[in-house]
Asker: 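Questions regarding the structure given below will be posed in turn.
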Amino acid sequence: MLDLKYIKNNLDLVKKGMAKRRANIDFISLLDSDLKRKKLLLEIETLRHKRNIVSDDIAKMKKSGQDASAVIDRMKEVSASIKHLDKELSATQQAINEFLISIPNLPHEDVPEGVDDTENRLEKTYGTLPVFNFKPKAHWDIGEDLKILDLARAAKITGARFPLYRDSGARLERALINFMLDTHTTRHGYSEILPPFIVNSAALQGTGQLPKFKEDLFKLEGWDYYLIPTSEVPMTNIYANEIIDASELPCKFTAYTPCFRSEAGSHGRDTRGLIRQHQFNKVEMVKLTTPETSFSELDEMLADAEKILQLLKLPYQVVTLCTGDLGFSATKTYDIEVWMPGQGQNGKYREISSCSNCLEFQARRAGIRFRRQGAKKPEYVHTLNGSGLAVGRTFAAILENYQQQNGTVLIPDVLIPYMSGKKVICHES
RNA sequence: GGAGAGGUGACCGAGAUGGCUGAAGGUGCACGCCUGGAAAGCGUGUGUAUCCUAACCGGGUACCGAGGGUUCGAAUCCCUCCCUCUCCGCCA
């Protein structure tokens with residue numbers, strides 16, 4: 001959430017930023033509420049001050065045996081009006097809060113303005129696209145043919161958009177998870193986390209999924225609990241409502257978790273295969289940093305994610321999301337799009353990672369602060385998150401990029417040790 | 001699930017019978033003095049938020065797990081919830 005003071009002092013800037021996002025927001029009611037809040041606060045605090053003083057007097061009078069009943073009667077009225085004004089204040093406060101919590105982060109000045117993903121800015125491409133002397137198949141066909149993916153039976157067990165990996169498929173998915181985690185922990189210096197897969201609404205509000213995107217989440221009936229849509233939620237909230245020491249920064253966390261998304265509003269899109277599932281595996285990176293380092297840390301995080309694709313020898317491109325495609329909490333986001341030769345007519349780049357800097361937007365919501373050496377005031381940290389990578393989509397990309405004419409799939413070199421030396425996935429018997 | 005105990009500042013720990021306790025005392029930490037240097041010792045300081053204000057000076061208000069209630073007044077009394085711990089039961 002944005003700082004109310006910042007909004008007041010930079011109203012034009014904020015309005016411009018929101019306009020870039022195509023977010024139509026009425027700030028007048030906010031400013032009105034804020035004025036009302038201040039007025040009420042002053043009134044209440046003056047009355048409270050009075051009450052505190054007179055209460056002391058009452059205590060003294062009683063001690064010395066005087067009759068205080070007249071004063072007490074007067075104070076009853078004061079207390080009643082405090083109570084009355086207090087109700088008004090908390091309603092006003094709540095209105096302000098609800099407003100602040102439902103407006104998105106401001107886009108960074110470097111972010112291109114645009115309506116949708118067609119206006120994202122291409123930053124770079126990496127690797128050479130594979131050449132096939134046959135028509136490359138989509139990963140769902142490869143997976144079903146090799147009997148390592150069984151989406152039909154998953155639909156029987158649960159429903160559409162749930163994965164069922166088998167044999168070398170299950171093994172490959174697990175190999176990818178381990179490979180990614182190992183790379184980030186030993187090579188990139190992240191500390192490994194295994195968080196809860198279910199979180200409460202406070203955590204989701206901290207990262208920005210709530211209150212606006214409830215429909216994207218799976219909620220546990222009868223509980224204030226939700227399945228995580230990404231491990232960004234539990235990891236970012238590790239230090240919620242804490243003041244951490246500056247020497248702890250930057251905090252770098254990585255975790256593997258399954259992710260659960262209702263995909264409301266995406267019916268009919270990517271209906272086949274592993275691209276869009278209600279449950280998918282992801283290795284995630286989260287950083288808490290000082291304000292001055294967050295953008296360089298973002299670039300590093302992007303590089304950490306890219307490294308996985310480079311090691312897997314998968315071609316990709318990097319784009320900067322335009323304002324229309326930018327997520328609610330982010331000020332700037334890089335997407336990594338992996339080459340999927342089996343998609344569309346002649347192959348397509350598909351999103352496999354998203355690395356974002358949220359500045360203090362989430363930190364303010366979640367109350368994540370730090371204190372500099374010797375400093376009096378705590379400051380909000382900056383939070384960043386990025387996929388490193390979406391495992392299911394990586395699995396799909398490997399199938400499509402490493403497929404051979406005879407229907408088998410070669411295993412990328414770096415994964416062979418994770419596959420007990422297996423070099424190729426053949427038809428499972 | 002049954003039976004108990006408890007949640008106070010960075011930490012430990014006071015706070016029966018409500019009032020001068022934002023919170024004693026200790027530890028830690030910071031700065032200063034002392035020292036050739038260090039330790040010890042001495043002194044001072046040391047929560048967060050918010051409002052008034054030009055002000056990170058000063059003052060007000062709020063916060064003792066969270067939320068309600070009683071009261072002129074609550075860390076202290078009442079209610080609800082959350083969390084932690086111990087024992088029993090049950091179960092991966």
Side-chain angles (χ1 to χ4, degrees), chain A residues 1-9 30-101 194-206 210 219-220 222-226 234 237-249 251 258 290-291 360 363-381:
Chain A
M1 104 182 123
L2 301 178
D3 182 14
L4 178 56
K5 274 188 193 149
Y6 180 86
I7 295 176
K8 283 190 288 186
N9 296 334
L30 174 72
L31 301 180
D32 284 351
S33 298
D34 184 52
L35 281 176
K36 189 175 173 194
R37 179 185 128 262
K38 271 197 186 173
K39 189 174 146 272
L40 284 168
L41 201 58
L42 194 64
E43 251 178 289
I44 289 173
E45 292 193 345
T46 309
L47 287 174
R48 281 212 180 111
H49 181 49
K50 185 176 170 192
R51 185 178 71 183
N52 286 345
I53 288 171
V54 176
S55 288
D56 274 6
D57 292 345
I58 292 171
K60 280 174 196 153
M61 288 169 79
K62 284 202 163 177
K63 241 180 197 169
S64 62
Q66 297 176 55
D67 174 37
S69 54
V71 191
I72 287 175
D73 280 349
R74 243 177 42 227
M75 281 301 105
K76 273 185 188 171
E77 282 169 38
V78 173
S79 276
S81 49
I82 289 176
K83 199 173 258 183
H84 173 75
L85 291 169
D86 227 359
K87 273 200 179 123
E88 214 175 321
L89 177 66
S90 56
T92 311
Q93 192 79 60
Q94 202 187 331
I96 293 171
N97 217 21
E98 276 168 13
F99 180 97
L100 289 176
I101 214 155
L194 186 54
F197 299 165
I198 294 174
V199 293
N200 60 31
S201 56
L204 286 158
Q205 187 167 325
L210 289 180
K219 186 176 194 297
L220 270 65
W223 296 74
D224 180 37
Y225 287 168
Y226 299 79
N237 278 286
I238 287 175
Y239 290 126
N241 300 312
E242 291 190 39
I243 300 172
I244 56 185
D245 198 89
S247 62
E248 304 270 328
L249 301 178
C251 288
T290 55
E360 58 175 54
R364 189 180 292 282
R365 294 171 154 249
I368 313 164
R369 293 177 293 175
F370 77 103
R371 200 192 312 270
R372 294 179 198 272
Q373 177 81 38
K376 208 175 159 211
K377 283 254 170 202
E379 299 171 52
Y380 288 107
V381 301

Asker: OP1, OP2 of B:C51 versus side-chain N and O of A:Arg37: anything below 4.0 Å?
Answerer: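 For A:Arg37, the contact criterion (side-chain N or O under 4.0 Å from OP1 or OP2 of B:C51) is met.
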Asker: Who does B:C56 pair with, Watson-Crick or G-U, both distances under 3.5 Å?
Answerer: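 No nucleotide pairs with B:C56.
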Asker: Could you tell me the Watson-Crick or G-U partner of B:C85, where both distances fall under 3.5 Å? Say none if there is no partner.
Answerer: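 In the structure as shown, B:C85 has B:G4 as its Watson-Crick or wobble partner.
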Asker: Using atom CZ of A:Phe370 as one end and atom C1' of B:A10 as the other, report the distance to the nearest whole Å.
Answerer: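 Atom CZ in A:Phe370 sits about 18 Å away from atom C1' in B:A10.
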Asker: If you assign A:His49 and A:Lys38 each to the RNA chain B nucleotide with the nearest heavy atom, which residue ends up on the more 5' nucleotide?
Answerer: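 Upstream on the strand: A:Lys38.
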Asker: Between B:C78 and B:A16, how far apart are the two P atoms, rounded to whole Å?
Answerer: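 That atom pair is separated by 13 Å.
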Asker: Heavy atoms under 4.0 Å is the rule here; annotate nucleotides 65-79 of chain B 5' to 3' with B where the base is hit, S where only the sugar-phosphate is, and - elsewhere.
Answerer: -----S-BS------
Asker: Side chain of A:Arg371 only, heavy atoms from C-beta on: which candidate in B:C51, B:G47, B:A49 is closest?
Answerer: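 Of the options given, the side chain of A:Arg371 lies nearest B:G47.
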Asker: Provide, to the nearest angstrom, the distance between the CD atom belonging to A:Glu43 and the C1' atom belonging to B:U61.
Answerer: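 Result: 14 Å.
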Asker: Between P on B:G47 and CZ on A:Arg369, what's the gap in Å once rounded to a whole number?
Answerer: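 My rounded result for the distance is 14 Å.
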Asker: Using the C1' atom on both, measure B:G59 against B:G22 and round to a whole Å.
Answerer: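 16 Å, rounded to whole Å.
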Asker: Is the closest side-chain heavy-atom distance between A:Tyr239 and A:Val381 below 4.5 Å?
Answerer: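 They are not in contact (no side-chain heavy atoms under 4.5 Å apart), so the answer is no.
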Asker: Using a 3.5 Å distance criterion without hydrogens, assess whether the side chain of A:Arg372 forms a donor-acceptor pair with backbone atoms of A:Ala246.
Answerer: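 A pair under 3.5 Å: no.
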Asker: Can you tell me the distance, in whole Å, between the CG atom of A:Asn241 and the P atom of B:C82?
Answerer: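 Distance, rounded to whole Å: 19 Å.
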Asker: In whole Å, I'd like the distance from the CD atom of A:Gln93 to the C1' atom of B:A49.
Answerer: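 After rounding, the gap between these two atoms is 11 Å.
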Asker: Both distances below 3.5 Å, Watson-Crick or wobble geometry, any strand: find the nucleotide opposite B:U71.
Answerer: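 In the structure as shown, B:U71 has no Watson-Crick or wobble partner.
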Asker: Applying side chain to side chain donor-acceptor pair (under 3.5 Å), name anything that partners A:Arg369, two or more places apart in sequence or on another chain.
Answerer: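 Residues passing side chain to side chain donor-acceptor pair (under 3.5 Å) with A:Arg369: none at all.
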Asker: Quantified in whole Å, what is the C1' atom distance between nucleotide B:G67 and nucleotide B:G7?
Answerer: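 That atom pair is separated by 16 Å.
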Asker: With a 3.5 Å limit on both atom pairs, tell me what B:A92 is paired to, counting Watson-Crick and G-U wobble, or say none.
Answerer: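 Check on B:A92: unpaired, no WC or wobble geometry under 3.5 Å.
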Asker: Counting Watson-Crick and G-U wobble pairs only, both distances under 3.5 Å, name the nucleotide matched with B:A10, or none.
Answerer: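 B:U27 is the nucleotide pairing with B:A10.
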Asker: Partner of B:U17 by Watson-Crick or G-U wobble geometry, both contacts under 3.5 Å, or none?
Answerer: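 Matched B:U17 with nothing under the 3.5 Å cut-off.
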Asker: Using side-chain heavy atoms (C-beta onward) and a distance below 4.5 Å, is A:Met75 in contact with A:Ser55?
Answerer: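 Answer no - side chains too far apart.
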Asker: Kindly check if the number of other-residue, nucleotide or ligand heavy atoms within 6.0 Å of NZ (A:Lys8) is above 12?
Answerer: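 Result for NZ/A:Lys8: enclosed.
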Asker: Between B:A75 and B:C64, how many Å separate the two P atoms, rounded to a whole number?
Answerer: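 Rounded to whole Å, the distance is 7 Å.
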Asker: Quick check: do A:Asp57 and A:Val71 have side-chain heavy atoms less than 4.5 Å from each other?
Answerer: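 Side-chain contact under 4.5 Å: no.
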Asker: Should the pair A:Asp34-A:Arg37 be classified as a salt bridge under the 4.0 Å nitrogen-to-oxygen rule?
Answerer: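 A salt bridge is present here (some side-chain N lies under 4.0 Å from a carboxylate O).
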Asker: Checking the side chain of A:Asn97 only, and the main-chain atoms of A:Gln93 only, is there a donor and an acceptor separated by less than 3.5 Å?
Answerer: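 Here the side-chain-to-backbone pair does not exist.
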Asker: Using atom CG of A:Leu41 as one end and atom P of B:U53 as the other, report the distance to the nearest whole Å.
Answerer: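 From A:Leu41 CG to B:U53 P: 13 Å.
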Asker: Which value, in whole Å, describes the distance between the C1' atoms of nucleotides B:C91 and B:G1?
Answerer: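 Going atom to atom, C1' in each nucleotide, I get 12 Å.
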Asker: My understanding is that a pair needs two contacts under 3.5 Å, Watson-Crick or G-U wobble. By that rule, which nucleotide pairs with B:G41?
Answerer: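 Across any shown strand, B:G41 pairs with B:C33.
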Asker: Tell me whether the side-chain N/O atoms of A:Lys39 come closer than 4.0 Å to OP1 or OP2 in B:C51.
Answerer: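 No, outside the criterion.
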Asker: Rounding to an integer number of angstrom, what distance separates B:G4 and B:C81 when you compare their P atoms?
Answerer: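 The same atom, P, in both gives a distance of 16 Å.
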Asker: Could you give the NZ-to-P distance, from A:Lys5 to B:U53, as a whole number of Å?
Answerer: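 So the two atoms are 13 Å apart, to the nearest Å.
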Asker: Do A:Cys251 and A:Leu249 come close enough that some side-chain heavy atom pair is under 4.5 Å?
Answerer: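 In contact.
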Asker: Using the P atom as the point on both nucleotides, what is the distance between B:G58 and B:A23, in whole Å?
Answerer: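 Each nucleotide's P atom is 15 Å from the other's.
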Asker: Could you state the atom-to-atom distance from CD of A:Glu45 to P of B:C51 in whole Å?
Answerer: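 Interatomic distance, CD of A:Glu45 to P of B:C51: 9 Å.
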Asker: Say you pick atom C1' in B:C63 and the same atom in B:U8; how far apart are they, in whole Å?
Answerer: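 Pairwise C1' distance, B:C63 against B:U8, rounds to 12 Å.
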